[in-house]
There are 2 protein chains.
Amino acid sequence: MNKPETRIQQRNRTAILSAGLDVFSQFGLRGSTLDQIAESAGLSKPNLLYYFRSKDAIYTALLEKLLETWLDPLLKMDPQGDPIQEILGYVHRKLTMSKEYPRESRLFANEILLGAPHIAEHLSKDLRALVAEKAVVIKEWEAAGKIAPVDPYHLIFSIWSTTQHYADFDVQVRAVLGGIDPFDDAMKYLDTLFRRMLTPPKV
Amino acid sequence: MNKPETRIQQRNRTAILSAGLDVFSQFGLRGSTLDQIAESAGLSKPNLLYYFRSKDAIYTALLEKLLETWLDPLLKMDPQGDPIQEILGYVHRKLTMSKEYPRESRLFANEILLGAPHIAEHLSKDLRALVAEKAVVIKEWEAAGKIAPVDPYHLIFSIWSTTQHYADFDVQVRAVLGGIDPFDDAMKYLDTLFRRMLTPPKV
DNA sequence: TCGTGATTTGACCAACTGGTCAAAGTGAGG
DNA sequence: CCTCACTTTGACCAGTTGGTCAAATCACGA
C-alpha cells in the first residue's frame with residue numbers, strides 16, 4: 001500500500017524536519033512561520049506543503065519521531081544491572097542528551113509547558129506505563145537493600161528536571177555562570193547528588 | 001510628575017495584568033492574542049491599548065512584576081541561620097510557589113525557553129549577582145563543616161529545576177501519576193533528596 | 001528520445017491580528 | 001447641573017500568515 005519513498009522525497013522530508021526542529025525549538029509552534037521553515041530548509045513554501053499537509057503536520061511528525069529517542073535512555077535502565085550504576089548511568093545519558101540535543105529538549109519542553117495538546121494521550125499511555133514499570137524495578141532494588149528508601153516516581157521526575165534544565169534553561173544557566181560551559185561540572189554535581197541520595201545508610 | 005492612578009485605572013490595569021498572566025501562561029507570547037486578553041479582562045481591545053501601549057508592553061510589565069516575586073525566596077535565605085534548615089527552607093518555599101503560582105512559573109519558563117529576549121540583561125546582572133552572593137554563603141557553610149562539600153551553583157540550579165518542574169511540567173507529572181496530587185509527596189521527596197545531599201558525612 | 005508521473009513555483013486568497021482614530025459616553029468636583 | 005478630563009468603543013486598516021491551485025519544469029524508465 002505504502003509507495004516507497006523516492007530519493008528526492010527522502011532528502012526533502014529530512015530537510016524539512018531538520019529545519020522544523022531548528023525553527024520550532026527557537027520560536028515555538030505558534031511563533032514559527034512556514035516561511036521561516038521553508039527558507040531554513042531551502043525550499044519554497046508551497047513545496048513544503050507538498051511534503052507535509054500543514055504546519056501542524058510537520059510539528060506532529062517531529063514530536064512523534066522525537067518521543068522514541070526521548071524515552072530510550074530510561075528504557076535502557078537494566079533491571080539486572082547494579083542498581084546505583086544503572087540509575088547514575090541513566091542520569092549520565094540524560095544529561096548527555098541535554099548537551100547533544102538541546103533543540104529536541106526545548107521542543108519537547110515547550111510542548112509540555114503549553115499543555116501537551118499534541119501528545120497528551122501518549123503521555124498518559126506509553127510514558128505512564130514505562131515509568132510505572134521502572135518504578136517497580138526501583139522499588140525492588142530498594143527492597144533488596146541495594147539503594148536507600150526512595151519514592152521512585154519523584155526520583156525519576158528529579159532526574160528529568162535536573163538534567164533537562166541544562167538544555168531548556170540554558171540561557172539562564174549561562175547568564176548566571178557567565179559563559180563557562182556548565183556540563184562538566186553539572187555531570188560531577190548530579191553524580192554526587194544522586195549517589196548521596198541513593199547510597200544505602202551503613203547499618 | 002507621575003499623576004496618581006485613579007481607581008478605575010488601578011482596577012483595569014490589575015484586570016489586564018491578571019488576564020495577561022492567564023492567557024500568556026497558557027499560550028505563550030506569540031500564541032496569545034489581544035482579543036483573548038481583552039475578553040478575559042472584560043474589556044474591549046482598544047480599551048486594553050488605552051492602558052498598555054502594546055501587547056508586548058503587557059507582557060513586559062508582567063515579567064518585571066514577576067521577577068521580584070520570583071527571586072524573593074532565594075533572597076530570604078539567611079546567612080545567619082542554620083545552613084541545612086536554610087537551604088531546605090528555600091526548597092520548601094520554592095516548591096510552594098510552584099504549587100501556588102504555576103501560571104507565573106510557566107510564564108517565566110516560557111520566556112527563558114525561548115531565549116529570554118525580554119529579560120536577558122536582568123539575568124546576567126541582578127540574578128547573576130544574587131546567585132553569586134548566595135554561592136559565597138553556601139561555600140562558607142561548607143568551609144565551616146556545616147554541610148557536605150557541594151558546588152553551590154549547581155546546587156541552586158538543581159533546586160530551581162526540581163521545584164519548578166512541578167509547575168512547568170505539571171501535565172506530564174499528572175499524566176504519569178494518573179491524577180494524584182503530586183505536591184505532598186514531592187515535598188517529602190525533595191526534603192529527603194537535599195537533606196541526604198547536604199548532611200555532612202560522620203567523621 | 002519520449003511520455004508520464006513526480007516535483008516545483010508564482011500568484012493568489014481569506015482569515016487573523018496588532019494597532020489606530022475619531023467620536024461618543026461618563027463621572028467627580030465646582 | 002455643568003464642565004472637562006478621563007474612559008470606552010465601533011469601524012477600520014495594513015501587514016502577516018497558513019494554505020490553495022493551475023501551470024511549468026524535471027527526472028527517469030521504456
Side-chain angles (χ1 to χ4, degrees), chain A residues 1-64 107 110-111 114 117-118, chain B residues 1-64 107 110-111 114 117-118:
Chain A
M1 208 57 214
N2 283 337
K3 303 144 200 163
E5 272 197 341
T6 71
R7 235 171 311 135
I8 292 181
Q9 283 172 350
Q10 215 163 37
R11 166 170 52 81
N12 284 348
R13 266 194 241 273
T14 307
I16 292 170
L17 287 179
S18 167
L21 177 58
D22 226 55
V23 175
F24 284 136
S25 69
Q26 271 186 72
F27 307 104
L29 174 55
R30 289 287 305 266
S32 306
T33 70
L34 284 175
D35 288 297
Q36 278 178 299
I37 300 173
E39 197 198 321
S40 171
L43 299 172
S44 68
K45 186 169 62 168
N47 205 5
L48 271 201
L49 293 165
Y50 174 72
Y51 290 102
F52 288 89
R53 199 179 283 116
S54 64
K55 183 169 111 169
D56 233 75
I58 302 176
Y59 184 76
T60 304
L62 217 39
L63 267 185
E64 277 175 19
L107 184 69
N110 205 270
E111 167 69 10
L114 301 182
H118 300 79
Chain B
M1 208 55 215
N2 281 336
K3 305 145 201 163
E5 272 198 341
T6 71
R7 236 171 310 137
I8 293 181
Q9 283 174 351
Q10 215 164 36
R11 166 170 52 83
N12 283 348
R13 266 194 240 274
T14 308
I16 292 169
L17 288 178
S18 167
L21 176 59
D22 226 56
V23 175
F24 284 136
S25 70
Q26 271 185 72
F27 307 104
L29 174 55
R30 288 287 306 264
S32 305
T33 70
L34 283 176
D35 288 297
Q36 279 178 297
I37 300 173
E39 197 199 322
S40 171
L43 299 172
S44 68
K45 185 169 61 167
N47 206 6
L48 269 202
L49 294 165
Y50 174 72
Y51 290 101
F52 288 88
R53 198 179 282 115
S54 65
K55 183 169 113 169
D56 233 75
I58 303 177
Y59 183 76
T60 304
L62 216 40
L63 267 186
E64 277 175 18
L107 183 70
N110 204 268
E111 166 70 11
L114 270 35
H118 299 77

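Values reported hereafter were calculated over all heavy atoms of this structure, with side chains retained and with hydrogens, waters and symmetry mates removed. Naming convention: chains lettered A, B, ... in sequence-line order (proteins, then strands); numbering from 1 in each chain.
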Check the distance between [N]'s [atom2] and [X]'s [atom1] and give it to me in whole angstrom.
X: B:Phe27; N: C:dT17; atom1: CZ; atom2: P; result: 11 Å
X: B:Leu48; N: C:dT20; atom1: CG; atom2: P; result: 13 Å
X: B:Lys55; N: C:dT20; atom1: NZ; atom2: C1'; result: 17 Å
X: A:Phe24; N: D:dG18; atom1: CZ; atom2: P; result: 9 Å
X: B:Glu39; N: C:dG18; atom1: CD; atom2: P; result: 14 Å
X: B:Ile58; N: C:dG19; atom1: CD1; atom2: C1'; result: 12 Å
X: B:Tyr51; N: C:dG19; atom1: OH; atom2: P; result: 18 Å
X: A:Arg30; N: C:dA15; atom1: CZ; atom2: C1'; result: 12 Å

Check whether any side-chain N or O of [X] sits under 4.0 Å from OP1 or OP2 of [N], and answer yes or no.
X: B:Gln9; N: D:dT7; value: yes
X: A:Asn47; N: C:dT9; value: yes
X: B:Tyr50; N: C:dC21; value: no
X: A:Asn12; N: C:dT8; value: yes

Fill in the blank from the handout: Of B:Leu34 and A:Ile8, the one whose nearest nucleotide on DNA chain C sits closer to the 5' end is A:Ile8
Practice task
Please figure out whether B:Asp35 or B:Arg7 has its closest DNA chain C nucleotide nearer the 5' end.
Solution key: B:Asp35
In the structure I gave you, are the side-chain heavy atoms of [X] and [Y] within less than 4.5 Å of one another anywhere?
X: B:Leu43; Y: B:Tyr50; value: no
X: A:Tyr51; Y: A:Ile58; value: no
X: B:Lys55; Y: B:Phe24; value: yes
X: B:Thr33; Y: B:Phe27; value: no
X: B:His118; Y: B:Leu29; value: yes

Fill in the blank from the handout: Ranking C:dG10, C:dT17, C:dC21 by distance to the side chain of A:Pro46, first place goes to C:dG10
